[in-house]
Every structure is written in C-alpha cells, then in structure tokens.
Number of protein chains: 2
Amino acid sequence: MSKTTPLDAAEQSIRLTGAKLTRPRVLVLSVLLKSERALTHHEVESRLPAGSDVNRVTIYRVLEWLTEQGLAHKIAGEDRVWRFNAAAHQHTGPHAHFECSDCGQVLCLEPVQAKPAVRLPAGFRQQAVELTVKGVCADCGPVHGKSRGHGRHQH
Amino acid sequence: MSKTTPLDAAEQSIRLTGAKLTRPRVLVLSVLLKSERALTHHEVESRLPAGSDVNRVTIYRVLEWLTEQGLAHKIAGEDRVWRFNAAAHQHTGPHAHFECSDCGQVLCLEPVQAKPAVRLPAGFRQQAVELTVKGVCADCGPVHGKSRGHGRHQH
DNA sequence: CCTATTTTTGCAATTGAGTTGCATTTATGG
DNA sequence: CCATAAATGCAACTCAATTGCAAAAATAGG
Ligand SMILES: [Mn+2]
Ligand SMILES: [Mn+2]
Ligand SMILES: [Zn+2]
Ligand SMILES: [Zn+2]
C-alpha cells in the first residue's frame, strides 16, 4: 500500500468539486497541502515544481477558486497580502490565527473554547468572530532565532 | 466658557508631542477626532475643510506619524486598506473591533472581558490578542438598511 | 523681529498586490 | 475525434501606499 501523496489528494479533492481537473489547480493545491502554514501568492509560485510554468494570474485565480470551493482558506494579514492554506489543515469550527509581527507568517491555531460575547451597537448583526494572536514566531524569536528577529525578514 | 473644539484638542495633543505644530497635522487629527468610526485615507482627505489643500502624501505621512505618537490607532481591514481613529476614542486596554463585511467600515468596540488563552507552538511568543467581529453594520443591514446591503457600497 | 537650522511638505515617479479584457488553449462529454 | 464550455496566458490596468528630492514652513537663538 503506497502512501497518498499531496498530489493524489489534491487531484481527488478537485475531482469532487465537479469542475475541470487542470494542472494548475492540482499543482497549487498540492503546494498548499504540503505547507504547515498559510502561504502568500509568491510563496505558492516559488514552491511550484521547477518548470511548471504556471502564469501568475492563473495562480491568483486558482487560489480564489479553491477558496470558493472550500478547499482553501483565505486570510488577510497586516501586510496587506492574502495568505492561503489548504482547508484540510483547518479544524472544523472556529479557530484562531497566529500572525508573526516580524515576518508576517500566519498559522492556524487550535480551536478556542471561550468565544467571548461582544456587545454590538443597535442594528449591527454579528456573523463571525475572529481571534488573532500577534506575536513572534519561533524563527524570529529573540532568543533562539536563526536569523535574528529584526527587519521584517521572510523565512 | 467656550467648549473645546476638536481643532483645539488636536492642537493641544500635537503640542504635547514636542514636534512641530503644523496645519496638516492639526487638520488631520481633528478630522479623526470628529469621527465615531475609523477612517480610511480617502475618508480623511474628503473630510478636510474645503480648500485645505493638503497633499495626499502628507496625509499618509501625518496618519503614520500620529500612529507613532500614540495619537491615532491604525487598523488593517479585509479590503487591504488602512483605517485610523483618534486614540482618544479608544478605551485603555484591549478592545475588540467590528468590521462590516459589506461596506468595510471598522468600529472600536467595548473592551472584552474573557481574553481566551490560546496554546501556541513551541518557541512562539505572544504579544497581543486581537478580536474582530465580522458582520453587517446598521447601514448595510438587510432589514432597515437605507441602501440595501449588497454590492460593497460605501456610506 | 531676522536668520539659521531642522523638520515637514509637495510633487512626480515608483512599488507591489491584485484585477480585468480578451484571445487562445484545454478538459471533457458525446 | 469533435464540439463546446471552461480555464489559462498575456498585456494592460487599478489602486493603496511609498520613496526621493527639492521647496516651504516651523521654531530656536540672536
Ligand atoms: Mn485558519
Ligand atoms: Mn480600536
Ligand atoms: Zn516570524
Ligand atoms: Zn456596512
């Protein structure tokens, strides 16, 4: 019994949507599946197999499409850049996010128990509550960081 | 005894920073002080007194400067646009934000009591927790909305 | 007041993520 | 294999925000 590769998993998930199974879709989704953390458009692009030669616009469109299909999760960061992770990585139900204030990396965290109720002004309707923990990630940490946490670096 | 106008208040706050008291700084801060909700760069620009003739870049720089001085509060929204409100409007200590998923408007909410602790991966350091309530504001609300809540309108 | 020195401001050009229009290619059903 | 709808590639574009640099204030000192 051979293991299911991210590529197989991606292909499988895309088939289930009923839409066309295309190379860009499979490649992009399998990149997301291989990553622990949420990836920017650029990170996805650079992690595609060498020579894949998928157009940047197509990557944008595929990421958007994956999100619509519920196969990916789209997260807004402080740096005005969208990040995506495979929805398979998500826990069902509401969960919190971690955002590194140094490198910008975003991570999905364990589901939170106490969803604190907030009082809204009259006429306002609540749809969802988002909890984001800001802090410094392990790589950027001041003590054991690989490349010292100053200067907005990327990993 | 005449009331303290937002203009006076702005002038006063800026004097206390020790930096130069300039027209753009006073005007921009007093616009923020007059607003209940967080304003985008464009909203600030359009609310400046007619004929103020402050350069857009200067508005960007003043907003950034006010934030550094602790006189304003800078908020990132889903629409990749920064919003600012006068820090005077803020409650001391942590508070939640409301973001309208239709028009994008951002509001500071009352301080939240139960700040739920989240478990972070090893090596990660927590600095702050942000709570954002997503929903529909009174203006965009489906029932009594002035201009029906569809199509990403501005107010 | 004046003037010197230091900030700020204005303007033009630039960045960078993301989007759009349209022609071409590709997946898939028959 | 073919028809056809759907997806992709490419170039141009949008739009918030930033940068470099010269011109214009603000204030400290005389
Ligand atoms: Mn998530
Ligand atoms: Mn706030
Ligand atoms: Zn980091
Ligand atoms: Zn609204």
Side-chain angles (χ1 to χ4, degrees), chain A residues 10-29 31 38-46 48-49 51-69 71-72 74-84 103-106 151-152 154, chain B residues 10-29 38-46 48 51-69 71-72 74-84 103-106 151-152 154:
Chain A
E11 199 172 313
Q12 185 62 11
S13 297
I14 292 168
R15 278 227 170 77
L16 290 178
T17 67
K20 287 189 179 175
L21 181 71
T22 66
R23 213 170 57 89
R25 285 176 177 171
V26 175
L27 291 176
V28 169
L29 180 52
V31 163
L39 301 180
T40 63
H41 171 270
H42 275 305
E43 290 173 324
V44 168
E45 190 169 26
S46 71
L48 287 173
S52 310
D53 209 51
V54 181
N55 188 272
R56 18 178 252 106
V57 177
T58 302
I59 298 175
Y60 277 115
R61 290 197 272 228
V62 167
L63 288 169
E64 201 61 45
W65 179 83
L66 290 170
T67 302
E68 284 161 15
Q69 301 304 312
L71 296 176
K74 188 182 184 182
I75 310 163
E78 289 284 316
D79 58 1
R80 313 183 350 112
V81 173
W82 293 112
R83 287 179 173 74
F84 300 81
C103 68
Q105 108 165 225
V106 174
R152 213 95 337 189
Q154 307 295 301
Chain B
E11 199 172 313
Q12 185 62 10
S13 297
I14 292 166
R15 277 227 168 77
L16 290 178
T17 67
K20 289 189 177 172
L21 182 71
T22 66
R23 210 170 58 89
R25 283 176 178 171
V26 175
L27 291 176
V28 168
L29 180 52
L39 301 181
T40 64
H41 171 270
H42 276 304
E43 289 172 326
V44 169
E45 191 170 26
S46 71
L48 287 173
S52 310
D53 210 50
V54 181
N55 188 272
R56 341 176 352 261
V57 177
T58 301
I59 298 176
Y60 277 116
R61 290 197 273 230
V62 167
L63 289 168
E64 200 62 42
W65 179 83
L66 290 170
T67 303
E68 283 160 15
Q69 301 303 312
L71 296 176
K74 187 181 184 181
I75 311 164
E78 290 283 317
D79 57 3
R80 312 185 349 113
V81 173
W82 293 114
R83 285 178 173 75
F84 301 81
C103 68
Q105 106 166 226
V106 174
R152 212 93 341 186
Q154 309 293 302

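Every chain is numbered from 1 and lettered A, B, ... according to where its sequence line falls, protein lines coming before strand lines. Here the structure is a predicted model, which is why all the values come from computation and not from measurement.
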Nearest atoms (heavy-atom pairs only) where E78(A) meets W82(B): O-CH2, 3.0 Å
DNA chain C contacts among residues 55-64 of chain A, heavy-atom distance under 4.0 Å: R56(A), V57(A), Y60(A), R61(A)
Sugar-phosphate, base or nothing in reach of W82(A), heavy atoms under 4.0 Å: sugar-phosphate
Atom-to-atom span, CG of D79(B) to C1' of dC15(D) - whole angstrom: 12 Å
Rounded distance (Å) that lies between atom C1' of dA16(D) and atom CD of E78(A): 15 Å
V54(B) to L27(B) - nearest heavy-atom pair and separation: CG2-CD1, 4.3 Å
Degree of bending, the helix from dC1(C)-dG30(D) to dG30(C)-dC1(D) (end axes from five pairs; round to 10°): 30°
Where at least one partner belongs to residues 11-27 of chain A, residue pairs that pass salt bridge (Lys or Arg N to Asp or Glu O under 4.0 Å), sequence neighbours excluded: E11(A)-R15(A)
Minimum side-chain heavy-atom gap I59(B)-L48(B) below 4.5 Å: yes
Gap separating the CD1 atom of I75(B) from the OG1 atom of T40(B), nearest 0.5 angstrom: 11.5 Å
Sugar-phosphate only, base, or nothing, as touched by D53(B) at under 4.0 Å among non-hydrogen atoms: sugar-phosphate
Positional range of nucleotides in DNA chain C within the contact set of chain A, heavy-atom, under 4.0 Å: dA17(C) to dT28(C)
Which residues share a salt bridge (Lys or Arg N to Asp or Glu O under 4.0 Å) with K74(B), sequence neighbours left out: E64(B)
Residue pair E43(B) / L39(B): nearest heavy atoms and the distance that separates them: OE1-CA, 3.1 Å
d(CD1, I14(A); P, dT8(D)) in whole Å: 10 Å
Distance in Å, L71(A) CG paired with L63(A) CG, rounded so as to fall on 0.5 Å steps: 11.5 Å
Side chains of W65(B) and T17(B) in contact at under 4.5 Å (non-hydrogen atoms): yes
Most 5' of W65(A) and V81(B) on DNA chain D, judged by nearest nucleotide: W65(A)
Expected output: side-chain H41(A) to main-chain R56(A) donor-acceptor under 3.5 Å: yes
Sugar-phosphate or base contact per nucleotide [nucleotides 24-30 of chain D; S, B, -; heavy atom under 4.0 Å]: -BBS---
Considering all heavy atoms, the nearest R83(A)-A38(A) contact: CB-CB, 3.7 Å
